[in-house]
Amino acid sequence: MGTMFGPRKSFESPVSDKHSLAKTLSWPHLIALGVGAIVGTGIYTLVGVGAERAGPAVILAFVICGIVCGCAALAYTELATLIPAAGSAYTFSYTALGETVAWVVGWSLILEYSLACSTVAVGWSGYLVGWIEAAGVHLPHALLVGPHGGGLINLPAVGVALAVMGMLILGTRQSATLNIILVVIKLVALTLFVIYALPAFNSANLHPFMPYGFGSVESGGHKRGVMAAAAIVFFAFYGFDAVATSAEETKNPKRDLTIGIVGSMLVCTVIYMAVAITAIGALPFTALANSPEPLALVLRQLGEPFAAQLIALAAVIALPSVILVMMYGQSRIFFVMARDGLLPRGLATVSKRTGSPTLITLLTGLSIAAVAGFFRLDEIAELANAGTLIAFISVGVCLIVLRRTAPLMPRVFRCPAAYVVGTLTVLGCLYLLASLPTSTLVRFVGWNVIGLALYFIYGRRQSNIAKHGAAAAI
């Protein structure tokens, strides 16, 4: 059965063995996947960017993002256990709202994951080059930045993207196990930061707490205010949605997905609040504003250069875990869209040896490496947030719609106050979306115009449902 937004998938869409993913993950892998994606460049760098936009009230921006993402996480958990198939928000939208909405969500998720991967790869390259040059080794400038910076290619960024791609091709379980180790390194580093910096907490650094007000307003050619900061530091929170993309590869999805999604969000919210309060309390926000390495800066200013070096080293070692989880998420979105016929079906083949989609992982990794190697990403990084917000809005709507259209479907995890949580998710994400710069929103609309053209030219006619009339009523 269809809707005004196109045909819908049935809850139990058949998948052939050739196109099904191996079940290799349990809840520790899922929590590590979530924490691995969430704790990354965001908390390492965006405290400074947020402080520049909101002053000490960047702490409040983290709280707002935590609440919005917490609501989205509850919605994701109910839907991921109700529809334990790969594809995350794309699959939920296809089942609840229709094919056209699902395409827009899937196309937006591709934007989110690819830009996030490439941004982290370039950031990691900066950390690595800094370490190498600190050791007295000077590499050719042409191989360290893309054409925008007067070079030829950002070779370290390309290298880390290709290395992560290779790990994913080896198999999901092996990649997830390595990810657990990298996550532990990151958590230890952030704990050390709090231990070293918290004794220097000075309440005077919190005044004035909200120098630019609450709303997102233009000031000096830049957006300022708590919501302007929230629209940016939101990047630091998302990633738990990548856990939902692993539903099909989870041994016990009904139990493990609940633990993985809710657990990773709780762990990360506690960590973020501790780190943000510690950083803002230790130094005046003007000193942190726009620093590319605010946590290391705090420790250096406090006379702890060794601890600052450890924090930076942990970033070099552990940031690839963010690339791993985001690349994993994008490859699964690509895979499911191809399996559904919206993209060429030949892409949706699974390796008999590893049970993972080798071809699509290869293509995903190569495209991310190319973007990281040649393109300037600082002006378009916020596009990743726009793509994520669209996915979260869709998930909030799906939660409400399926409570009305499929009330009797068994729900192992029932989101408490589903209509309230769904509404808060939608309204919160719309407010964050509106708080993004206008230029970002224009680029995002342009990306989706291209996507919809591709859908109407190819995907709409080639989809499994269009070919087989397989839409089922809910």
Side-chain angles (χ1 to χ4, degrees), residues 31 34-35 37-40 42-43 46-47 49-51 53-80 88-89 112 206 209-210 212-216 223 225-244 258-280 382 384-400 403 413-436:
I31 287 184
V35 175
I38 300 167
V39 179
I43 194 61
L46 289 178
V47 171
V49 177
R53 298 194 178 200
V58 66
I59 297 169
L60 187 55
F62 275 108
V63 173
I64 291 166
C65 289
I67 292 170
V68 173
C69 288
C71 290
L74 290 171
Y76 261 98
T77 306
E78 174 168 322
L79 294 172
S88 180
E112 169 202 340
L206 300 181
F209 183 69
M210 204 183 295
Y212 306 116
F214 183 82
S216 177
K223 286 212 169 184
V226 174
M227 288 309 298
I232 299 304
V233 301
F234 179 76
F235 181 92
F237 271 92
Y238 68 74
F240 66 84
D241 53 322
V243 177
T258 304
I259 297 172
I261 296 173
V262 177
S264 60
M265 264 304 299
L266 287 175
V267 168
C268 292
T269 301
V270 170
I271 292 168
Y272 280 13
M273 292 310 302
V275 170
I277 291 170
T278 302
I280 296 295
E382 286 166 315
N385 283 8
T388 307
L389 287 165
I390 289 297
F392 284 11
I393 290 167
S394 174
V395 167
V397 173
C398 287
L399 177 70
I400 294 170
R403 279 293 182 97
F413 176 85
R414 290 186 69 88
C415 174
Y419 291 101
V420 174
V421 168
T423 302
L424 284 175
T425 300
V426 172
L427 294 180
C429 290
L430 283 172
Y431 194 4
L432 286 168
L433 193 65
S435 300
L436 286 168

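The figures here come from the full heavy-atom set of this structure, side chains too, leaving out hydrogens, waters and symmetry mates.
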Taking the side chain as C-beta and beyond, is there a heavy-atom pair between Tyr272 and Val267 under 4.5 Å?
no
Hey, could you give me the OG/CD1 distance between Ser264 and Ile259, rounded to the nearest 0.5 Å?
11.5 Å
Scan the side chains in residues 391-399 for donor-acceptor partners under 3.5 Å anywhere in the protein, sequence neighbours excluded, and list what turns up.
unit_1 : atom_1 : unit_2 : atom_2 : d
Ser394 : OG     : Ser93  : OG     : 2.4

Is there a side-chain contact between Ile67 and Leu424 (heavy atoms, below 4.5 Å)?
no
So does Cys415 get a backbone contact from the side chain of Glu78, meaning a donor-acceptor N/O pair under 3.5 Å?
yes
Taking every heavy atom of Gly225 against every heavy atom of Ala54, the minimum-distance pair comes out as O-CB, 3.7 Å
Less than 4.5 Å apart, side chain to side chain, heavy atoms only: is that true for Arg53 and Val58?
no
In Å and rounded to the nearest 0.5 Å, what is the CG to CG distance from Leu427 to Leu432?
11.0 Å
Heavy-atom nearest pair, Ala229 first then Ala61, reads CB-CB, 3.9 Å
What are the two closest heavy atoms between Ala73 and Met265, and how far apart are they?
CB-CG, 3.7 Å
Over all heavy atoms of both residues, which pair between Val68 and Cys429 is shortest? Give the atoms and the distance, please.
CG1-SG, 3.7 Å
Begin with the C-alpha distance, continue with both residues' side-chain angles, and end with the deciding distance and a verdict on side chain to side chain contact (heavy atoms under 4.5 Å, CB included) for Ile59 and Leu206.
CA-CA 10 Å; Ile59 297 169; Leu206 300 181; 4.1 Å; yes
Short question: side chain of Asn385, backbone of Phe234 - any donor-acceptor pair under 3.5 Å?
no
Taking all heavy atoms of Ala89 and all of Tyr76, pick out the closest pair and write down the distance.
CB-OH, 3.5 Å
Quick check: closest heavy atoms across Phe62 and Ala276, and the distance to 0.1 Å?
CD1-CB, 3.8 Å
Decide side chain to side chain contact (heavy atoms under 4.5 Å, CB included) for Thr425 and Leu74; before the verdict, give the C-alpha distance in whole Å, the side-chain angles of both, and the deciding distance to 0.1 Å.
CA-CA 10 Å; Thr425 300; Leu74 290 171; over 6 Å; no
Report the distance from atom CE of Met227 to atom CD1 of Ile232, rounding to the nearest 0.5 Å.
11.0 Å
